[in-house]
Amino acid sequence: MLCLSKRSLSSLLLRSDVTAAVVSCSSLFPSLDGVGLRTLHSPAGNTVLSRNGHLCRSTERVLFSIFRRFSDASGDNTPPRLDRDFLAQLWVNDMKKLKEREKRYGKKASTKRRVDYHENAVYEQSSSSSHYEPTLQQPPVSQSMSGPLKPKTLDEAKIATLLARSNLLITRDIEWANLVLGFEQENRYAVVDVCYPEAPVGSIREQSHVIMRQLLRSRRPFVASITDALGNELFRVRRPFWWITSSIYAEIDGEEIGVVHRRWHLWRRIYDLYLGNEQFAVVENPGFWNWTFTVKDAEGEVLAQIDRDWRGFGFEILTDAGQYVIRFGKSDAAAKNGPAKMIEELLVKRPLTLSERAVVVALAISLDNDYFSRHGGWGIPFMAVGE
């Protein structure tokens with residue numbers, strides 16, 4: 001068989017008894033079997049022989065194989081006529097399926113890949129598409145929700161997936177506009193469980209007025225939303241404007257559950273923690289360069305601890321991107337995997353309830369704004385200006 005032209009190849013494809021063609025010509029691909037004769041079988045049972053043509057200057061060839069077969073639902077093996085109307089109908093059906101898939105999964109559905117992630121992703125396959133759609137889930141808790149951690153109300157059941165954990169790592173994002181231009185931005189934090197460090201278990205995002213942020217700086221009023229890994233809001237903290245001492249409130253669905261009041265002292269950092277109208281803990285930090293804030297009860301027993309980590313000279317001098325570790329006690333043995341086994345756990349007198357832990361998270365946000373948000377000049381690049 002000699003080299004075929006484009007028109008001859010098209011005529012060959014439209015025949016109903018031939019579904020394969022072999023074209024021999026000069027190419028960059030060597031012969032696959034070293035033999036100039038090849039046999040192909042069509043659905044009709046006919047045999048097509050191909051031999052290297054005399055017009056080709058070498059024994060190399062390119063093999064074009066087209067296999068396509070059509071049959072109807074009745075089981076009739078007689079192939080339909082590949083006329084213009086049939087091909088047009090086939091193209092219309094393909095376009096309808098493509099539009100339905102784009103409408104359901106988005107235009108980038110065809111480029112999505114399956115990414116395995118421990119236990120935090122579940123993949124569902126649609127009958128009309130071969131692509132896997134990930135559905136993220138909240139990582140499992142590292143402390144069993146029993147005893148003091150058992151939710152007593154619907155509000156506590158709502159926040160249990162985030163706060164029923166032994167250690168929470170809260171990291172503040174870098175504010176590039178504040179670093180370069182001195183423009184105060186909304187604070188954002190990522191919350192990670194050290195027992196499951198593959199992905200955050202939640203996030204914190206401030207909501208405040210842009211003008212108030214530039215004029216009042218760390219004394220500005222704001223509301224911060226605490227969400228889980230799926231973006232569902234669990235509770236909020238509200239911090240009003242303050243002049244001498246600050247206060248921050250923890251709220252669930254608009255209802256106040258606790259408050260943290262800062263007590264004035266010349267150099268010590270003292271905070272009182274309340275659940276409703278009853279005080280359940282106090283923080284008395286000696287001040288200066290001590291970055292450990294221990295939450296104690298009335299008898300002086302340890303209930304929790306907040307550590308402000310050193311992230312490096314560049315982070316501490318030029319940015320406000322601090323990192324805080326909240327320790328609530330021991331984690332379950334089943335949750336200690338990998339690097340979590342090397343973490344030194346805090347010994348506490350009693351585990352805090354879920355509502356009390358929400359107040360401690362509000363305390364960590366208040367500490368970051370009271371003492372560790374001092375950088376970013378008034379429009380002067382890379383200038384650290386205190387109050």
Side-chain angles (χ1 to χ4, degrees), residues 141 143 145 148-165 167-170 172 186-191 193 200-208 218-229 231-242 245-263 269-283 293-297 303-306 324-329 348 350-373:
V141 296
Q143 289 183 323
M145 291 186 292
L149 290 181
K150 184 178 181 180
K152 300 179 179 61
T153 61
L154 294 178
D155 293 340
E156 288 192 344
K158 184 177 181 180
I159 62 178
T161 56
L162 177 65
L163 299 180
R165 304 179 185 277
N167 299 281
L168 290 178
L169 181 65
I170 302 178
R172 181 172 168 179
E186 293 179 341
N187 297 336
R188 297 183 181 183
Y189 308 81
V191 184
D193 187 350
V201 297
S203 62
I204 304 174
R205 181 171 180 175
E206 174 193 342
Q207 300 174 7
S208 59
S218 63
R219 288 185 170 87
R220 65 182 180 270
F222 67 83
V223 175
S225 300
I226 292 87
T227 61
D228 59 9
N232 302 318
E233 183 178 300
L234 304 181
F235 66 100
R236 288 188 173 191
V237 295
R238 178 175 54 86
R239 179 179 159 105
F241 167 78
W242 62 277
T245 57
S246 63
S247 299
I248 190 168
Y249 300 85
E251 301 175 350
I252 300 179
D253 295 332
E255 182 180 354
E256 179 183 326
I257 62 172
V259 61
V260 178
H261 293 298
R262 177 185 172 187
R263 198 188 311 170
R269 302 163 181 175
I270 304 175
Y271 289 86
D272 297 320
L273 286 71
Y274 293 84
L275 189 64
N277 296 324
E278 182 179 354
Q279 183 176 358
F280 69 92
V282 64
V283 173
F293 301 85
T294 305
V295 181
K296 299 181 180 181
D297 59 7
L303 301 178
Q305 192 176 83
I306 301 176
Y324 303 85
V325 180
I326 304 180
R327 308 178 190 274
F328 291 119
V348 298
R350 66 170 181 86
L352 295 177
T353 64
L354 296 172
S355 298
E356 291 172 342
R357 296 187 179 197
V359 178
V360 174
V361 172
L363 170 63
I365 299 175
S366 184
L367 289 173
D368 182 63
N369 285 269
D370 286 342
Y371 300 108
F372 303 103
S373 297

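Checking side-chain atoms of E156 against main-chain N and O of K152 turns up a donor-acceptor pair under 3.5 Å. Here the side chain of E233 pairs no donor or acceptor atom with the backbone of F235 at under 3.5 angstrom. Judged purely by atom type and a 3.5 angstrom limit, S373 uses its side chain to pair as donor or acceptor with the backbone of D368. The backbone N or O of D193 sits nowhere less than 3.5 Å from a side-chain atom of R165 that would complete a donor-acceptor pair. With R236 contributing its side chain and G254 its backbone, the two residues share no donor-acceptor pair below 3.5 Å.
Judged by a 6.0 Å distance limit and a 45° cone about the ring axis, R269 is not positioned over the six-membered ring of F293.
In the displayed structure, K296 atom NZ is contacted under 6.0 Å by at most 12 heavy atoms of other residues, nucleotides or ligands. Around the CD atom of Q207, the shell of radius 6.0 Å holds more than 12 heavy atoms that belong to other residues, nucleotides or ligands.
Looking at I365, V223, V260, D370 one by one, the single match for side chain to side chain contact (heavy atoms under 4.5 Å, CB included) with R239 turns out to be D370. For the pairing with L273, the side chain to side chain contact (heavy atoms under 4.5 Å, CB included) check across V295, L352, D297 returns one residue only, V295.
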- Message: Applying side-chain contact (heavy atoms from CB on, under 4.5 Å) to V283 and I306, what does each step give before you reach the verdict?
- Response: CA-CA 10 Å; V283 173; I306 301 176; over 6 Å; no

- Task: Any chance you could lay out the side-chain contact (heavy atoms from CB on, under 4.5 Å) test for N232 and T227, step after step, and finish with the verdict?
- Result: CA-CA 5 Å; N232 302 318; T227 61; 5.9 Å; no

- Is there a side-chain contact (heavy atoms from CB on, under 4.5 Å) between N369 and R220 once you walk through the steps? CA-CA 10 Å; N369 285 269; R220 65 182 180 270; 4.2 Å; yes

- Message: Between V141 and L149, is the side-chain contact (heavy atoms from CB on, under 4.5 Å) condition met? List the steps.
- Response: CA-CA 11 Å; V141 296; L149 290 181; over 6 Å; no

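Taking both residues in full, the closest heavy atoms of I248 and S366 are given as CG2-CB, 3.9 Å, listed atom of the first, atom of the second, then distance. Here the closest heavy-atom approach between residue A250 and residue A358 is recorded as CB-O, 4.3 Å. Smallest separation of non-hydrogen atoms from G258 and V359: CA-CG2, 3.8 Å. Looking at every heavy atom in both residues, R263 comes nearest to T245 through C-CG2, 4.3 Å.
Side-chain contact between T353 and F280: absent, with no pair of heavy atoms (C-beta onward) separated by less than 4.5 Å. Counting heavy atoms from C-beta outward, Y371 and S218 have side chains that stay 4.5 Å or more apart. Counting only heavy atoms from C-beta outward, the side chains of R262 and W242 approach each other to under 4.5 Å. In this structure, the side chains of R350 and L303 come closer than 4.5 Å at one or more pairs of heavy atoms. The side-chain heavy atoms of S246 and R219, taken from C-beta on, include no pair separated by under 4.5 Å. Taking 4.5 Å as the limit, some side-chain heavy atom of L367 sits within range of a side-chain heavy atom of Y271. Put simply, the side chain of L354 reaches to within 4.5 Å of the side chain of P151, judged on heavy atoms. Residues E186 and S208 have side chains in contact (heavy-atom distance under 4.5 Å, counting atoms from C-beta outward).
A donor atom on one side chain and an acceptor atom on the other are not found under 3.5 Å apart for T161 and D228.
Note that the CD1 atom of I257 and the CD1 atom of I159 stand 5.5 Å from one another [nearest 0.5 Å]. Within the model, atoms CZ of R357 and CG of L275 stand 13.5 Å from one another, a figure rounded to the nearest 0.5 Å. Rounding to the nearest 0.5 Å gives a distance of 4.0 Å between CD of Q305 and OG1 of T294. With rounding to the nearest 0.5 angstrom, the CZ atom of R238 is 10.0 Å from the OG atom of S247. In this structure, the separation between CE on M145 and NZ on K150 is 11.0 Å, given to the nearest 0.5 Å.
Contact check on D253 versus K158 returns a salt bridge, with a Lys/Arg side-chain nitrogen under 4.0 Å from an Asp/Glu carboxylate oxygen.
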